[in-house]
A.B. asks: 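Below is one structure. I have some questions about it.
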Amino acid sequence: MAPTIHIVRHAQGLHNVSVENEAIRDPDLTPLGEQQCADLRASFPCHARLTKLVASPLRRTIYTCDLSFGGPQRLYPIVLLDTLQEVSSAPCDTGSSKDKLGAEFGDRIDASRVRDDWTEKRKGSIFEPTLEVLTARAKEARRALKEIAEGADGDVAVVSHGGFLHFLTDDWEGIPLEIGTAWKNCDCRSYTFAESQDDKDDVRLVETEESWRRREHVAKQPLGVTEQRELKAVALQTVAPILKIKA
């Protein structure tokens, strides 16, 4: 059976409450965010099939993953992928050092895939918030997720960020103009992997029919690859300033 990954946007963080809070580095979840995790945990139908947990190394994603899916010992440690971190270089989207994460989360996390300089988003970095670099980072993340999923004997839960998830899934439908992402806090969608049509070194994420039908849609059926790329070009004109993507 083809591996399925359940992708989640993190629960509400302090930076989601106000623009001023975006100055907080690597912020905590709010009480509402913790409740959103509890709600997701209660409603998620595939706990019995989960065999691996993956998250961005930012604290809000680690806590979302742990509170929503943690539990049976077989699911730990949570594998951290630095390529899943959020888009911008704002303080709220800049993570903590590996040493600090290790001190806070201990053996609940596996930071072996996190580079020592993962918090650096300067010019020339593989985490620089430019369209070209973000596209390449999403490709690297998809390949890593496929590798992890193929090595798991069951489903995988993945927690990342609203802005970056559009690059990861290459789905640009339904983005509100004022927010910059169509993913709500603790929104969960399910995907399988497919070959890329025009890049042998890349893989595609294909949303399952069941997952797609749970969403609120304008379109009556999923958009094709070409349609999504056309939509991406239009959407980025609006969301790039919101997500602080540099030219």
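Numbers for residues simply follow the sequence, beginning at 1. Just the heavy atoms: all of them, side chains too, but no hydrogens, waters or symmetry mates, feed the values below.
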A.B. asks: Indicate yes or no: does Asp202 engage Arg143 in a salt bridge with an N to O separation below 4.0 Å.
C.D. replies: no
A.B. asks: Looking at Ile109 and Leu101, what are the two nearest heavy atoms and their distance?
C.D. replies: CD1-O, 3.7 Å
A.B. asks: So does Arg229 pair up with Asp198, basic N to acidic O under 4.0 Å?
C.D. replies: yes
A.B. asks: Is there side-chain contact between Ile7 and Cys188, with at least one heavy-atom pair below 4.5 Å?
C.D. replies: no
A.B. asks: Rounded to the nearest 0.5 Å, what separates atom OG1 in Thr130 from atom CG in Leu134?
C.D. replies: 6.0 Å
A.B. asks: Which atoms form the tightest heavy-atom contact between Gly124 and Glu128, and what is the distance?
C.D. replies: N-OE1, 3.1 Å
A.B. asks: Counting neighbours of NZ on Lys52 that are heavy atoms of other residues, nucleotides or ligands and sit closer than 6.0 Å, is the number greater than 12?
C.D. replies: no
A.B. asks: Do Leu32 and Leu14 share a hydrophobic cluster, counting only Ile, Leu, Val, Met, Phe, Trp and Tyr and linking them when any side-chain heavy atoms are less than 4.5 Å apart?
C.D. replies: no
A.B. asks: Between Thr30 and Gln12, do the side chains contain an N or O donor and an N or O acceptor separated by less than 3.5 Å?
C.D. replies: yes
A.B. asks: Give every residue pair that meets the ring-ring contact (aromatic ring centres under 6.0 Å, His included) criterion with at least one member in residues 77-114, sequence neighbours excluded.
C.D. replies: Tyr63-Phe105
A.B. asks: Hey, does Cys37 have a side-chain heavy atom less than 4.5 Å from the side chain of Leu29?
C.D. replies: yes
A.B. asks: Determine, for Lys139 against Asp199, whether the closest basic-nitrogen to carboxylate-oxygen distance falls under 4.0 angstrom.
C.D. replies: yes
A.B. asks: As a test of understanding, state which of His10, Glu86, Gln85, His161 forms a side chain to side chain donor-acceptor pair (under 3.5 Å) with Ser56.
C.D. replies: His161
A.B. asks: Could you report the tightest heavy-atom contact between Phe193 and Ala149, atom names first, then the distance?
C.D. replies: CE1-CB, 3.8 Å
A.B. asks: Is the closest basic N to carboxylate O distance between Asp170 and Arg204 below 4.0 Å?
C.D. replies: no
A.B. asks: With a 6.0 Å cut-off on the ring centroids, do His6 and Phe44 count as close?
C.D. replies: yes
A.B. asks: Whether Glu209 and Arg213 form a salt bridge (side-chain N of Lys/Arg under 4.0 Å from carboxylate O of Asp/Glu) is what I want to check.
C.D. replies: yes
A.B. asks: What are the two closest non-hydrogen atoms of Val54 and Cys65, and how far apart are they?
C.D. replies: O-SG, 4.0 Å
A.B. asks: For the residue pair Tyr76 and Gly71, what are the closest heavy atoms and their distance?
C.D. replies: OH-N, 3.4 Å
A.B. asks: Rounded to the nearest 0.5 Å, what separation is found between the CD1 atom of Ile126 and the CG atom of Asp117?
C.D. replies: 7.0 Å
A.B. asks: Has Asp201 got more than 12 heavy atoms of other residues, nucleotides or ligands less than 6.0 Å from its CG?
C.D. replies: yes
A.B. asks: Nearest 0.5 Å please: distance from the CZ atom of Arg142 over to the CG atom of Leu84.
C.D. replies: 11.5 Å
A.B. asks: With no hydrogens and no angle check, do the side chains of Asp110 and Ser112 hold a donor and an acceptor under 3.5 Å apart?
C.D. replies: yes
A.B. asks: Run Arg189 and Trp183 through side-chain contact (heavy atoms from CB on, under 4.5 Å) and show every step you take.
C.D. replies: CA-CA 9 Å; Arg189 305 178 191 178; Trp183 290 72; 3.5 Å; yes
A.B. asks: Any side-chain to backbone donor/acceptor pair from Lys98 onto Arg115? Under 3.5 Å, distance only.
C.D. replies: no
A.B. asks: For Lys232, is there an ion pair with Glu173 - N to carboxylate O distance below 4.0 angstrom?
C.D. replies: no
A.B. asks: Measure the CD1-OG distance between Ile245 and Ser89 for me, rounded to the nearest 0.5 Å.
C.D. replies: 11.5 Å
A.B. asks: With side-chain contact (heavy atoms from CB on, under 4.5 Å) as the criterion, how do Leu50 and Phe69 come out once you've worked through the C-alpha distance, each side chain's angles and the decisive distance to 0.1 Å?
C.D. replies: CA-CA 9 Å; Leu50 286 180; Phe69 304 110; 3.6 Å; yes
A.B. asks: Are Val225 and Leu236 connected in a single hydrophobic cluster, I mean Ile/Leu/Val/Met/Phe/Trp/Tyr linked by side-chain heavy atoms less than 4.5 Å apart?
C.D. replies: no
A.B. asks: Can you tell if the side chain of Leu231 reaches within under 4.5 Å of the side chain of Gln228, non-hydrogen atoms only?
C.D. replies: yes
A.B. asks: Answer yes when Lys200 and Glu195 have at least one side-chain N-carboxylate O distance shorter than 4.0 Å, and no when they do not.
C.D. replies: no
A.B. asks: Test: salt bridge (charged side-chain N to carboxylate O under 4.0 Å, His left out). Region: residues 145-161. Which pairs qualify, not counting sequence neighbours?
C.D. replies: Arg49-Asp155, Arg113-Glu147, Lys146-Glu150
A.B. asks: So does Ala182 get a backbone contact from the side chain of His166, meaning a donor-acceptor N/O pair under 3.5 Å?
C.D. replies: yes
A.B. asks: Report the distance from atom OG of Ser68 to atom CD of Gln36, rounding to the nearest 0.5 Å.
C.D. replies: 9.5 Å
A.B. asks: For the pair Thr64 (side chain) and Arg60 (backbone), establish whether a donor and an acceptor sit closer than 3.5 Å, ignoring hydrogens and angles.
C.D. replies: yes
A.B. asks: For the side chain to side chain contact (heavy atoms under 4.5 Å, CB included) test, which of Leu165, Thr61, Leu53, Leu58 pairs with Val159?
C.D. replies: Thr61
A.B. asks: Nearest 0.5 angstrom please: Cys186 SG to Leu40 CG, how far?
C.D. replies: 5.0 Å
A.B. asks: With a 4.5 Å cut-off on side-chain heavy atoms, are Asp93 and Lys121 touching?
C.D. replies: yes
A.B. asks: Do Trp118 and Ile78 share a hydrophobic cluster, counting only Ile, Leu, Val, Met, Phe, Trp and Tyr and linking them when any side-chain heavy atoms are less than 4.5 Å apart?
C.D. replies: yes
A.B. asks: Centroid-to-centroid, Trp172 to Phe167, below 6.0 Å?
C.D. replies: yes
A.B. asks: Indicate yes or no: at least one non-hydrogen side-chain atom of Glu132 is less than 4.5 angstrom from one of Thr135.
C.D. replies: no
A.B. asks: If you look only at pairs with a residue in residues 23-44, which of them pass as a salt bridge (charged side-chain N to carboxylate O under 4.0 Å, His left out), with sequence neighbours excluded?
C.D. replies: Asp28-Arg59
A.B. asks: Quick one: closest heavy-atom pair of Gly162 and Thr181, and the distance?
C.D. replies: O-OG1, 2.8 Å
A.B. asks: Would Arg137 and Leu168 count as a side-chain contact (heavy atoms from CB on, under 4.5 Å) here? Give the steps.
C.D. replies: CA-CA 8 Å; Arg137 171 149 70 90; Leu168 183 70; over 6 Å; no
A.B. asks: For residues Leu80 and Phe127: do they belong to one hydrophobic cluster (side chain heavy atoms under 4.5 Å, members Ile, Leu, Val, Met, Phe, Trp, Tyr)?
C.D. replies: yes
A.B. asks: Which is it for Arg215 and Asp171 under the side-chain contact (heavy atoms from CB on, under 4.5 Å) test, yes or no, and what are the steps along the way?
C.D. replies: CA-CA 13 Å; Arg215 295 165 55 189; Asp171 183 344; 3.2 Å; yes
A.B. asks: Tell me whether Phe164 shares a hydrophobic cluster with Ile62, the cluster being built from Ile, Leu, Val, Met, Phe, Trp, Tyr side chains joined at under 4.5 Å.
C.D. replies: no
